Chemist: 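Once you've had a glance at the structure underneath, I'll fire off some questions.
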Amino acid sequence: VRQVSGSCVAAGFILCLEGLCMTSKLHRCFHPAALLCSLLVLPAATVAQTSAGGPVASVLFADGVVTSNGGGQNYRVIGKGSKLTEGETITTSERSFAIIEFADKSRTTLRPDTAMNIEQFRYANTVDSDGMLLRLLRGGVRAVTGLIGKSRPDSVKFGTSNATIGIRGTQFDARIC
């Protein structure tokens, strides 16, 4: 991926919205382990419920320094198995990445030097109330939607400082460039 006059250029379909680049193809700069883990077939659906204040996601894999802050939690270093709640901001340092799995089995891979906030996540296995909004503060992510995205794609959104993107597919890449 290279930057040309304010927009990202890479192989595959690309959409640039005021600094946010999305592509349906993989960027070559993903760490192989993160790519492999994020492409794993989603396990069979399980009925899960999340309530306000309870865990909404967990860390499947972390390499390097990965931290979290907010959501009723103090600043902490997180790793495999760490539980995440609504309102937390997850940050990866340089040369670090993390794979986050949400209660609906959606997965998000955070690239190096990325900050993402779990702004809203509701999953009670009811179509009317389920939804998620993740805010990309800097860096890049690769996401594979889960049960919320399958049952109600318009309820899965990624936001940046410049735009909010509704997801209509099963996977995508986004990068602030």
Side-chain angles (χ1 to χ4, degrees), residues 1 8 10-17 19-43 48 55-71 76-86 88-121 123 132-150 153 155-160 163-177:
V1 177
C8 292
F13 171 75
I14 295 175
L15 172 65
C16 286
L17 294 172
L20 175 72
C21 298
M22 294 176 46
T23 177
S24 63
K25 297 281 184 178
L26 298 176
H27 290 291
R28 289 190 180 105
C29 50
F30 269 107
H31 190 282
L35 179 60
L36 178 63
C37 289
S38 66
L39 294 177
L40 292 175
V41 177
L42 293 175
V56 298
S58 64
V59 179
L60 286 183
F61 186 83
D63 185 32
V65 178
V66 182
T67 60
S68 178
N69 191 20
R76 61 192 173 124
V77 175
I78 58 175
K80 182 177 179 179
S82 295
K83 302 295 183 198
L84 303 169
T85 59
E86 192 174 81
E88 285 193 72
T89 298
I90 301 98
T91 305
T92 58
S93 65
E94 228 177 82
R95 299 182 183 167
S96 300
F97 71 94
I99 301 171
I100 311 296
E101 183 176 65
F102 290 87
D104 74 330
K105 302 299 180 192
S106 56
R107 292 183 180 182
T108 302
T109 301
L110 279 64
R111 297 175 43 83
D113 200 27
T114 294
M116 182 189 75
N117 179 261
I118 304 171
E119 197 163 301
Q120 178 186 14
F121 187 89
Y123 179 65
M132 67 188 295
L133 171 59
L134 304 177
R135 186 148 314 269
L136 184 60
L137 305 172
R138 73 169 187 268
V141 297
R142 172 156 178 78
V144 178
T145 59
L147 298 174
I148 295 173
K150 288 180 183 181
S155 295
V156 179
K157 295 185 169 98
F158 277 75
T160 68
T164 299
I165 298 158
I167 306 306
R168 301 295 182 263
T170 56
Q171 63 183 4
F172 74 96
D173 292 297
R175 186 180 309 178
I176 295 179
C177 36

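Quick note: residue numbers are just sequence positions, from 1. Everything numeric here is computed off the predicted structure, so don't read it as measured data.
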Chemist: At what distance, to the nearest 0.5 angstrom, does CD of Gln120 lie from CG of Leu134?
Modeler: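 Separation between the atoms: 10.0 Å.
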
Chemist: Compare every heavy atom of Gly79 with every heavy atom of Ala62, then report the nearest pair and how far apart it is.
Modeler: CB-CA, 4.0 Å

Chemist: Write down the atom of Asp63, the atom of Val66, and the distance for their closest heavy-atom approach.
Modeler: O-CG2, 4.2 Å

Chemist: Any idea which heavy atoms bring Phe102 and Ala57 closest together, and the distance?
Modeler: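 Answer, listing the atom of Phe102 first, then Ala57: CD2-CB, 3.5 Å.
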
Chemist: Should Arg95 and Pro112 count as side-chain neighbours, where that means a heavy-atom distance under 4.5 Å?
Modeler: no

Chemist: If you look at every heavy atom in Thr92 and Ala98, which pair is closest and at what distance?
Modeler: CG2-N, 4.0 Å

Chemist: Please round to the nearest 0.5 Å and tell me the distance separating atom OG of Ser58 and atom CD1 of Ile99.
Modeler: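 It comes to 11.5 Å.
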
Chemist: Using atom types as modelled and distance alone, determine if a side-chain donor or acceptor of Thr114 lies under 3.5 Å from a backbone N or O of Gly140.
Modeler: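 Checking the backbone N and O of Gly140 against the side chain of Thr114, a donor-acceptor pair under 3.5 Å is found.
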
Chemist: To the nearest 0.5 Å, tell me how far Leu60 CG sits from Ile100 CD1.
Modeler: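 One finds 7.5 Å between CG of Leu60 and CD1 of Ile100.
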
Chemist: Among Ile148, Asp104, Leu133, which residue meets the side-chain contact (heavy atoms from CB on, under 4.5 Å) test with Val156?
Modeler: Ile148

Chemist: Give the C-alpha distance, both sets of side-chain angles, the deciding distance and a yes or no for side-chain contact (heavy atoms from CB on, under 4.5 Å) between Leu84 and Ile78.
Modeler: CA-CA 9 Å; Leu84 303 169; Ile78 58 175; 4.0 Å; yes

Chemist: Suppose we screen for side chain to side chain contact (heavy atoms under 4.5 Å, CB included). Which residues come up paired with Arg138, at least two apart in sequence or across chains?
Modeler: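 So Arg138 forms a side chain to side chain contact (heavy atoms under 4.5 Å, CB included) with Thr91, Asp113, Ala115.
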
Chemist: Could you give the distance from CD (Glu88) to CZ (Phe121), rounded to the nearest 0.5 Å?
Modeler: 13.5 Å

Chemist: Tell me the closest heavy-atom pair linking Val56 and Glu86, and the distance in Å.
Modeler: CG2-N, 3.8 Å

Chemist: Which atom pair, heavy atoms only, marks the closest approach of Ser106 to Gly146?
Modeler: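 Answer, listing the atom of Ser106 first, then Gly146: CB-N, 3.2 Å.
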
Chemist: Is a side-chain donor or acceptor of Arg111 paired with a backbone partner of Val141 at a separation under 3.5 angstrom?
Modeler: no

Chemist: When rounded to the nearest 0.5 angstrom, what is the spacing between CG in Leu136 and CD in Glu119?
Modeler: 12.0 Å

Chemist: Which value, rounded to the nearest 0.5 Å, describes the distance between Thr109 atom OG1 and Glu101 atom CD?
Modeler: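 Interatomic distance, Thr109 OG1 to Glu101 CD, rounded to 0.5 Å: 11.0 Å.
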
